[in-house]
Structures are given as structure tokens and as C-alpha cells.
2 protein chains.
Amino acid sequence: MAVTGNGGGTPARDRVHRAAVRLFATKGFHGTGIRDLAKAANLSSASLYHYMPTKERLLADIMAASLQSLLDAALRELDGVDDPAERLDRLVTLHVTRHAREPMRTRVVDNEVDALTPASRRDVVGIRDAYEQLWSDALDDGLRRGVFTTTRPATTRLALLDMCNGVARWFSPGGELGRNDLAEHYADLARRLVGAPPRPPR
Amino acid sequence: MAVTGNGGGTPARDRVHRAAVRLFATKGFHGTGIRDLAKAANLSSASLYHYMPTKERLLADIMAASLQSLLDAALRELDGVDDPAERLDRLVTLHVTRHAREPMRTRVVDNEVDALTPASRRDVVGIRDAYEQLWSDALDDGLRRGVFTTTRPATTRLALLDMCNGVARWFSPGGELGRNDLAEHYADLARRLVGAPPRPPR
DNA sequence: GCCGGCCGATCAATCGATCGATAGGCCCGA
DNA sequence: TCGGGCCTATCGATCGATTGATCGGCCGGC
């Protein structure tokens, strides 16, 4: 393996993906040129194409991988948990923690869906739907068992998800609130939204 | 006044602005070409420049006008209202109603801020900050007077705004919920979020 | 000596923006 | 009432720059 004049020990493929996430998040997919991407990854624009078939496919891969990893983590997190309020807590905590840890990646996933070709979009939206279905199920389950209270559960679910998604738009690691405190606060807010009893103090 | 081969009685300036809102909202600012815009407005790309100095300035004007109109309406709405919960109700109702009535325009305002030049961005963000200050004031007021309950009011305000902003992302006029019912539901949710007593039934 | 990683040069297409020109209505002086 | 100058609205053609993508070839380690 030749390590020539690149940007440190990081493998080139990783550098490309990381640079893409950062640039797509800050300047948008269409606002990022192939040459911007190359410069940020310490490669020529030609070499870029050794690590991606197409700019659009690079975006699609990033989005699909991010969503798939979130979905997997959520399934792991919910495994064996029965109490609806606890299930909601875990979904919110996971979601917010991730959005705070990787706000750039999340912003790409949330904002660049309609830069995808129809084929890629179908894949990405499919994963996203499966993930959001977990939230719907948790909400419905809590309502059925009388733990949650809300008219219009569908709308409440959307409000809840939008609230949690927002974190990626403004969170910065240097802020007054750490990731974990933030996630706990959001779990409290979520319980209020769905009319569940407050979380027991630790 | 010559009405030649344009697209109906609508003045050309309006057609340009409307087309820009629609295209910027669906394809993004950088994803929309001057020629797309011209075709959608029934003009040549040259004629376009009789109604805008620059593509970027067109975006900035649309965003500033939309935000300024929202800020004005909010000031009007709050005028003379003292009860903190009622103030919050009015902010939420206005915000959600607008976002549901003009989701495209709102999506442009929310998503294309970093397509602006630094100068334009300063103007736009200034208006947005003034508007969000109204929410902060309402929240602080309610907390000071013991009507609201929340630790971390700054974070709660962000969560609240993100929740309300989300409406523009998914609302469609044909849905099961009308604009007014939706706004009322969100007012209920907002009260829950800040720990205020439920709104009295009408 | 071959092969994966990498690049400079370059492709056609499209980008945002500008040019000079034309057509038609309006106003004002004769 | 005419006529000429002006203004607004519009266009086709085109500008230089940049876009995403491709090509042939070089280089160094196995």
C-alpha cells in the first residue's frame, strides 16, 4: 500500500467520505463541486473516482449507511424492553445522542433527500420509513395500553420526530449542555409531549 | 402596458417570485438553474434579469420578505396580550398556520440560509433572531411568573421551535387535518412542552 | 514486470450573467 | 392631430467560467 503525499495516515476512502459529509452538510450537495471535494480529501478530482462511482452515488451511500446504522442501533436498543414509556425514552435518547454526535451526517440525511435520483431515493426513504415505523409502533403501543395520552397520534409523532431532528441543526459540542444531558432533557420533553408520567429521578 | 405571450394575467414579477419559491423549495437554490427559473416563469433567461439583480439577491429578498412579514404578524398578534400561556398559544398558532399555508416559502427560509452571501445572511438572520427573541421572551416571562415549568429554558425553546418548523416539511393541504385544527393541536403540544396547564376547551 | 493508486489534461455540457436589438405604448411639443 | 423621443418589456445569441466526468499515462512497491 502506497502512502504518498496524502493527508495523514487516514485511508483515502475515509477521507473522501468524511470530506463529503462535511461539505454536503455545510454547502449542500449541489453547492459542493467535485473540485471542492477533491481538495478537502487531499486528492485530485480524477482520483476521487477511484472511491466513488458518481457524486450522487456517494451521497446515496452516505445517507443509506447512516440511516441503516441508526435503524440497527434502534432495534438493538428496543430489544427486550416492554414498557412503552421506556421504549420511547430509548428511542429519543438514541436519536438525540446520534444527532448530537454527528450533526453533519444527520443534516445531510435530513436535508438532501431530494438531491437523490429516484432510484436512490427509494432505497433511502425505505430505510427511513422502517425507522420511523418504530416510533409509530411505540406511540401506538403506549396509547393502546393507556400510558400515553394524545388525540391525533400521527401528528404527534411527526411533531416529536421533528423536535428531535432539530438537534442536528444547532447542536455544537462546545455548548453548555453535553450530549447525555441533552438526550435526557429531550426524553423528558418527549414524555410531556405524549402525556406520559415523568421519568423517575435516578 | 404590453401583455405579450406570457403565462396569463399574472404580472411577470410575481411569476418570477412564485416560480423561485417553488423551485428553490423543491430542488434547492443551487439545484435550480437560471434556465429552470425562466421556463417556470414563462420568460427568457435574459428577461429574468429585469426583475432581479442576481439569483442570490432574489433568494435573499424572498427570505427577508417572508421573515419580516412573519415578525410583523407576530408583533400584531401579541399586542395587548398579557397572559404568558395565551402569548405562547398565539405564537404557536400563527407560526403553524403560516407554515401550513405556505410550506414552500417556509422551506426556503429554513433550508437555504447558507446559500446566501455573508451580507445577505446577516440581514436575514437578523430578522430571524428578532422573531425568535419573541419566543424567548414569552418563555422567560411564563417561567418568571410560575406559569411554565422547565429546566433549561434555552434548550426547550429550541425544541419548541424545531417542532413547529417541522410542519412545513410534511404538511400537505389535502391531509386529514386542516390548517386550523393543526394549529390548535400544536398549541396543545406546546403547552405540554413548557409545562403549562392545558388550554380551556372552547 | 505488473498492478493499484494517483494525476494532469481535457471533454461536452451547463452555469450565471450580459449584450445589442426589437416591439409597442405613453407623453409632450408643435 | 400628428410625430418624434423615451420607457418598459422582451428576446436570441453569446460571454467566460465552472460543472461532473473521462482518458491515457506515470510511478513505486510487491
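Within every chain, numbering begins at 1; the chains are lettered A, B, ... in the order of the sequence lines, protein sequences first and strands thereafter. Worth knowing before you read on, the calculation uses all heavy atoms, side chains too, and leaves out hydrogens, waters and symmetry mates.
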Task: B:S47 side chain near D:dT10 phosphate (N/O to OP1/OP2, under 4.0 Å) - done: no
TODO: Kindly state each residue pair satisfying salt bridge (Lys or Arg N to Asp or Glu O under 4.0 Å) with at least one member in residues 105-119 of chain B, sequence neighbours excluded.
DONE: B:E102-B:R105
Task: side chain to side chain donor-acceptor pair (under 3.5 Å) partners for B:S45, two or more places apart - done: none
- [ ] Before accepting this row, confirm whether a basic side-chain N of the pair B:E132/B:R157 lies closer than 4.0 Å to the acidic partner's carboxylate O.
- [x] yes
TODO: Summarise how protein sits on nucleotides 19-25 of chain D as a single string, 5' to 3': B when a protein heavy atom is under 4.0 Å from the base, S for sugar-phosphate-only contact, - for no contact.
DONE: BBBBB--
Task: ring pair (Phe, Tyr, Trp, His ring centres under 6.0 Å) partners of residues 13-39 of chain B, not counting sequence neighbours, each pair once - done: B:F24-B:F29
Task: Separation of atom CZ in B:R13 from atom P in D:dT10, rounded to whole Å - done: 10 Å
Task: Nucleotide C:dG8, atom C1' - distance to CG of A:L43 in whole Å - done: 14 Å
Open item on the list: Without decimals, in angstroms, what is the distance between B:L48 CG and C:dC15 C1'?
Closed with: 14 Å
Open item on the list: What is the distance, to the nearest angstrom, from the OH atom on B:Y51 to the P atom on C:dA17?
Closed with: 18 Å
Task: Any pair counted as salt bridge (Lys or Arg N to Asp or Glu O under 4.0 Å), so long as it reaches residues 34-45 of chain A, sequence neighbours left out - done: A:K27-A:D36
Open item on the list: I'd like to check the salt bridge (Lys or Arg N to Asp or Glu O under 4.0 Å) partners of A:R145; sequence neighbours left out, ordered by chain and number.
Closed with: A:D82, A:D141
Task: Whole-Å gap separating C1' (C:dA17) and CG (B:L59) - done: 17 Å
